[in-house]
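Here the structure comes first, spelled out in structure tokens, and everything after it is commentary.
All values reported here derive from a predicted model rather than from experimental measurement. In what follows, every chain begins at residue 1, and chains take the letters A, B, ... in the order their sequences are listed. Just so you know, these numbers use all the heavy atoms, side chains as well, and skip hydrogens, waters and symmetry mates.
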Number of protein chains: 2
Amino acid sequence: MESKSSSAAFRAFCSQHGLAATHQRQILFEVVQEMEGHPSPEEIYARVRRRIPSISLATVYKNLHLFVESGIVGEVSLHHGSLRIETNRTAHHHLVCRGCKSITDLDEKSFRLEMEHDHISAAFQVERYSIEVVGLCPACKKE
Amino acid sequence: MESKSSSAAFRAFCSQHGLAATHQRQILFEVVQEMEGHPSPEEIYARVRRRIPSISLATVYKNLHLFVESGIVGEVSLHHGSLRIETNRTAHHHLVCRGCKSITDLDEKSFRLEMEHDHISAAFQVERYSIEVVGLCPACKKE
DNA sequence: TGACAGACGATAATAGTTATCTTCTAATAG
DNA sequence: CTATTAGAAGATAACTATTATCGTCTGTCA
């Protein structure tokens, strides 16, 4: 059964990460996995409230952080939270540390990229692309 | 002379965009272009204050927006400002509209990428990479 | 079944950013 | 070269997203 297996996955997730299997956490777990696209905390909050009207937004945030840390969901941008200006106007890419959020420029020559344009709708006007290489910088790796 | 040509570039920029060539704007223009990396508004503000101690943070923000719009600087992430959760855990890339900030997933197969690993420090532990294709979606293109 | 660590909810606090409003100044017409 | 005026700057209030705090409640495990 759907709910059985989903519940089992949730319990496994909680015990793997030493977390209590609470009702709020379980609904969040389910909702996050059934949502498509790139929802914001507010959108997730709105959706969870349909099932638990009394849930707190703080609970949503706290659990989203746990989910991101554990890897069951990702974050679209590691450097949201503050505007960052790009002064290097030549084509280049980014090396991003998921620990300290540092960003290092990579020369365009570091990659050879072939785009299969068929896969991108002709109606979308492509202006540029950039590659984000994500991982851990030497300092953060030590931890 | 350095300052001559910089000043000429600034004046050209202003008249191209119908902007008044004010002192604050000029210092910001210069500072932003001489900064390396990916400075935040606060960092730029701190630096500009060394030359104009009385400048307001609001002025920094207003001018940074103008600079971004005009293209003389870029923004590192088009979707900062709010956490966005990634529920799709399979390898994929993003099609991002710089107008409405919408994000569409692209299949991993859309690209063929060869990384010249020599260019990335061996000390950086690469975990994944993702390609961001930036441009205008059909709806935003109409404007 | 208790005791307790950890989770929840309510809400205050903070950080980043934007809006408002008043004063000032660059652009330009005369 | 001055007067006019649209736009710019500065001060600061307001707003949005996020995090911290704290009292209460509830899974977990002995």
Side-chain angles (χ1 to χ4, degrees), chain A residues 7-8 10-32 38-49 51-70 73 75-85 101, chain B residues 7-8 10-32 38-49 51-70 73 75-85 101:
Chain A
S7 171
F10 173 67
R11 294 187 165 276
F13 164 78
C14 287
S15 71
Q16 266 172 45
H17 294 274
L19 298 172
T22 66
H23 184 226
Q24 288 86 338
R25 186 166 284 152
Q26 174 160 13
I27 302 304
L28 266 163
F29 183 88
E30 292 171 10
V31 160
V32 154
H38 310 86
S40 67
E42 284 288 344
E43 288 165 340
I44 293 165
Y45 177 52
R47 182 109 167 217
V48 172
R49 276 217 281 189
R51 291 171 69 180
I52 314 178
S54 63
I55 198 167
S56 162
L57 179 59
T59 300
V60 173
Y61 270 98
K62 282 181 280 204
N63 280 288
L64 286 180
H65 287 313
L66 292 172
F67 293 169
V68 169
E69 279 168 34
S70 73
V73 298
E75 12 180 359
V76 173
S77 170
L78 294 177
H79 28 69
H80 73 272
S82 160
L83 176 65
R84 298 294 205 88
I85 293 300
K101 267 66 176 177
Chain B
S7 171
F10 171 68
R11 292 186 166 276
F13 164 77
C14 288
S15 70
Q16 265 172 45
H17 295 274
L19 298 171
T22 66
H23 184 228
Q24 288 86 339
R25 185 166 285 153
Q26 174 159 14
I27 302 303
L28 267 164
F29 183 88
E30 291 172 11
V31 160
V32 153
H38 310 85
S40 65
E42 284 288 346
E43 288 165 341
I44 294 165
Y45 177 53
R47 182 107 166 222
V48 172
R49 276 217 280 189
R51 291 172 69 182
I52 312 178
S54 63
I55 200 167
S56 162
L57 180 57
T59 300
V60 173
Y61 271 98
K62 283 181 281 202
N63 279 289
L64 286 180
H65 288 312
L66 292 172
F67 293 170
V68 168
E69 278 167 37
S70 73
V73 297
E75 5 180 5
V76 173
S77 170
L78 294 177
H79 27 70
H80 71 274
S82 160
L83 176 64
R84 298 294 206 88
I85 293 299
K101 267 66 176 177

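- Remark: side-chain polar atoms of A:E69 are not paired, donor with acceptor, to backbone N or O of A:L66 under 3.5 angstrom.
- Note on ring orientation: taking the six-membered ring where Trp is involved, the planes of A:F29 and A:F13 are tilted (angle from 30° to 60°).
- At C:dC8, one or more side-chain N or O atoms of A:R25 fall inside 4.0 Å of OP1 or OP2 (strictly under the cut-off).
- The minimum heavy-atom distance between B:P41 and B:V60, with the atom names listed, is O-CG1, 4.0 Å.
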Under 4.0 Å protein heavy-atom contacts per nucleotide of nucleotides 23-30 of chain D, with B for base, S for backbone only and - for none: ----SS--
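- The CD1-P distance, from B:I27 to C:dT25, rounds to 16 Å in whole Å.
- Between the CD1 atom of B:I55 and the P atom of D:dA11 there is a distance of 11 Å, given to the nearest Å.
- The nearest whole Å value for the distance from the CG atom in A:N63 to the P atom in D:dT18 is 15 Å.
- Atom CG of A:L57 sits about 8.5 Å away from atom CZ of A:R49, to the nearest 0.5 Å.
- When the P atom of C:dA26 is taken as reference, atom CZ of B:F29 falls 18 Å away, rounded to whole Å.
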Contact letters for nucleotides 15-23 of chain C, in which S counts primed atoms plus P, OP1 and OP2 and B counts the base, heavy atoms under 4.0 Å: -SBBB----
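- A distance of 8.5 Å separates CG of B:N63 from CD of B:Q24, quoted to the nearest 0.5 Å.
- For A:H17 and C:dA7, the NE2 to C1' distance is 17 Å, given to the nearest whole Å.
- Side chain of B:E30 to backbone of B:I27: no donor-acceptor contact under 3.5 angstrom is found.
- Using a 4.5 Å cut-off on side-chain heavy atoms (C-beta onward), A:L28 and A:F67 make contact.
- Between the CZ atom of B:R49 and the P atom of D:dG10 there is a distance of 11 Å, given to the nearest Å.
- Counting to the nearest Å, the P atom of D:dA9 and the CZ atom of B:R51 are 15 Å from each other.
- The heavy-atom pair separating A:C14 from A:R25 by the smallest distance is SG-CD, 4.2 Å.
- OP1 or OP2 of D:dA9 has not a single side-chain nitrogen or oxygen of B:S56 nearer than 4.0 Å.
- Spacing between atom CZ of B:F13 and atom C1' of D:dA8 amounts to 14 Å, rounded to whole angstrom units.
- In terms of modelled atom types and a separation under 3.5 Å, the side chain of A:R11 and the main chain of A:A21 share no donor-acceptor contact.
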